[in-house]
> 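Below: one structure in structure tokens.
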Amino acid sequence: MTKTSKQDRVLIFDTTLRDGEQSPGATMSHEEKLEIAALLDEMGVDVIEAGFPIASEGDFRAVAEIAKNSVNSVICGLSRAQLPDIDRAWEAIQHARQPRIHTFIGTSPLHRSIPNLSMDEMAERIHGTVTHARNLCDDVQWSPMDATRTEHDYLCRVVEIAIKAGATTINIPDTVGYTAPRESADLIRMLIEKVPGADQVVFATHCHNDLGMATANSLAAVEAGARQIECTINGLGERAGNTALEEVVMALKVRNDIMPYQTKIDTTKIMNLSRRVAAVSGFAVQFNKAIVGKNAFLHESGIHQDGVLKNVETFEIMKPSDIGLNEDNIVLGKHSGRAALRSKLKNLGIEMGENQLKDVFVRFKDLADRKKEVYDEDLIALVQVAEDAGADRLSLKRLRVVCGTEGQEAEMTMIVDGEEKSFSSSGDGPVDAAFNCVKAIFPHEARLQLYQVHAVTEGTDAQATVSVRLAEDGRIVTGQSADTDTVVASVKAYIHALNRLLVRRGKAGSDAKEISYKDVS
Ligand code: KIV
Ligand code: ZN
């Protein structure tokens with residue numbers, strides 16, 4: 001490869017499964033690692049660093065299986081500058097369609113002092129280990145760990161040795177997150193200009209985020225000539241983490257005008273990967289994290305919401321759908337205006353005339369003054385207060401439930417439009433048996449979206465509050481009830497939601513859709 005070829009292409013090297021998994025507490029199971037690797041491969045990551053095979057039997061097995069399953073990505077295994085490490089890494093990755101050995105050694109004065117190697121001894125070690133790796137594998141990456149704190153002359157010397165020994169990628173790590181964008185760029189530029197053979201290899205950048213500059217440092221390195229960015233999903237990694245894949249990829253996409261480099265990443269897969277990595281690593285994503293944080297595409301202030309509803313580009317530099325996020329981006333609070341409320345209600349399947357909206361808006365402002373964030377559930381409840389004024393068509397008259405190790409059965413009598421109807425049913429548990437009776441007495445097609453039980457007080461005599469959420473043809477209703485008997489509270493909440501659904505159907509003039517109940521008594 002020459003200095004000027006492939007100018008516009010940047011390789012994405014993901015190390016979530018190696019550097020990311022090194023975060024204390026972020027250990028993933030074997031199956032989880034395979035799942036994340038498959039998602040990375042599908043997303044278009046060029047190189048997946050799948051693990052550190054000599055570190056443990058588990059790491060070895062995971063890297064070997066990821067290598068066998070790989071489709072498009074290069075699969076890389078890490079090794080220290082020791083021959084048994086390199087052999088073990090090769091053993092793990094050899095069956096990949098495109099295997100890569102990555103070997104590293106700390107080159108800064110501090111890191112040289114730990115194995116107590118002189119500059120010459122270390123240079124010799126680098127030559128020997130890179131040569132050994134290259135005899136096993138055509139694709140060899142070499143990293144001088146703590147490169148950003150290594151003397152420039154010595155760095156140039158060891159990079160040249162690694163290239164001569166057969167390294168095909170030279171990775172320049174900012175191991176302790178110490179560099180800054182201009183320095184990061186200058187370092188890459190100096191190496192490309194000074195080291196003989198630099199035009200034969202790909203330079204990579206690997207930045208940690210200790211000063212919050214990892215993404216900026218990586219992009220600066222690219223502008224200076226690096227053509228591989230090492231990163232992790234959600235910026236997972238040691239201490240403050242690594243450059244976040246989603247940040248560099250979206251920065252290159254959104255600011256292609258000033259950083260004209262392409263990646264192969266299918267950005268619409270980003271959100272799903274971010275959520276899976278958060279779930280399996282147990283490292284939740286901070287709400288205001290760029291690109292993938294819960295608030296990254298949410299607008300709360302009235303001015304912003306109004307702007308976004310008129311023209312989304314007023315306050316969004318990328319579309320949520322660019323990263324595979326297809327959710328509503330308006331969060332209601334005390335700064336929200338009437339247009340935002342109408343839009344939010346519409347998304348919840350609630351349409352209303354101007355007068356009714358005015359009334360709901362007054363109650364919404366009152367609630368928003370008392371509550372920081374008004375959730376969908378609060379809004380649905382607000383709208384329902386008005387609807388509850390109508391008489392209930394359904395009510396519970398009698399419920400008897402038998403439960404225990406022998407099975408569960410419910411017998412129920414309900415009043416439906418003034419008439420008594422009874423039914424008995426078994427089920428998977430007492431609540432399921434009782435809900436089956438409601439469905440038999442009043443047949444309907446509404447889907448149960450949410451069933452939640454909260455204990456309001458402590459102790460075995462606690463009052464249980466139950467919420468039930470039903471959805472039918474885009475209409476969403478919730479029902480609540482409280483009782484010391486959880487099954488009674490559940491049935492009443494279910495019936496409450498059904499009564500609200502009947503009011504909503506009537507309002508939409510679609511009573512014709514209502515399934516007439518058959519007498520099952
Ligand atoms: O941060 C670092 O220096 C590393 C090396 C192993 C590349 O992760
Ligand atoms: Zn690292």
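This is a predicted model, so every value here is computed, not measured. Counting starts at 1 for both ligands and their atoms, in listed order.
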> Looking at P173, which atoms of ligand 1 are within less than 4.0 Å of one of its heavy atoms?
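Those qualifying, in numeric order: 2 (C), 3 (O).
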> Just heavy atoms, cut-off under 4.0 Å: does H208 contact ligand 1 by side chain, backbone, both, or neither?
side chain
> Could you check which of H102, E238, Q141, M145 puts a non-hydrogen atom nearest to atom 7 (C) of ligand 1?
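Looking at heavy atoms only, H102 sits closest to atom 7 (C) of ligand 1.
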> When you measure from the centre of the six-membered ring of F104, is the NZ or CZ of R80 under 6.0 Å away and within 45° of the axis?
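Here R80 fails the 6.0 Å and 45° test against F104.
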> Do you see a donor-acceptor pair shorter than 3.5 Å between the side chains of E49 and H102?
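Short answer, yes.
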> Which is the closest N/O/S atom of H208 when seen from the Zn ion (ligand 2)?
NE2
> Is the closest side-chain heavy-atom distance between I36 and R276 below 4.5 Å?
yes
> Show which atoms of ligand 1 fall inside a sub-4.0 Å distance from at least one heavy-atom site of H206.
1 (O), 2 (C), 4 (C), 8 (O)
> Do the numbers put R100 on top of the ring of F13, so that NZ or CZ is under 6.0 Å from the six-membered ring centre and no more than 45° off the axis?
no
> Please work out, at 4.0 Å between heavy atoms, whether the side chain, the backbone, both, or neither of T175 comes within that distance of ligand 1.
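Looking at T175 and ligand 1, atoms from backbone and side chain both fall under 4.0 Å.
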> Provide the closest heavy-atom pair for D46 versus V10 in the form atom of the first, atom of the second, distance.
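So the two residues come closest at OD2-O, 4.1 Å.
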> Would you check if the Zn ion (ligand 2) lies under 2.8 Å from any N, O or S atom of D19?
yes
> Under 3.5 Å, is there a donor on one side chain and an acceptor on the other for S118 and D120?
no
> Please state which option from E49, E230, R18 has its nearest heavy atom closest to atom 5 (C) of ligand 1.
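Going through E49, E230, R18 one by one, R18 has the nearest heavy atom to atom 5 (C) of ligand 1.
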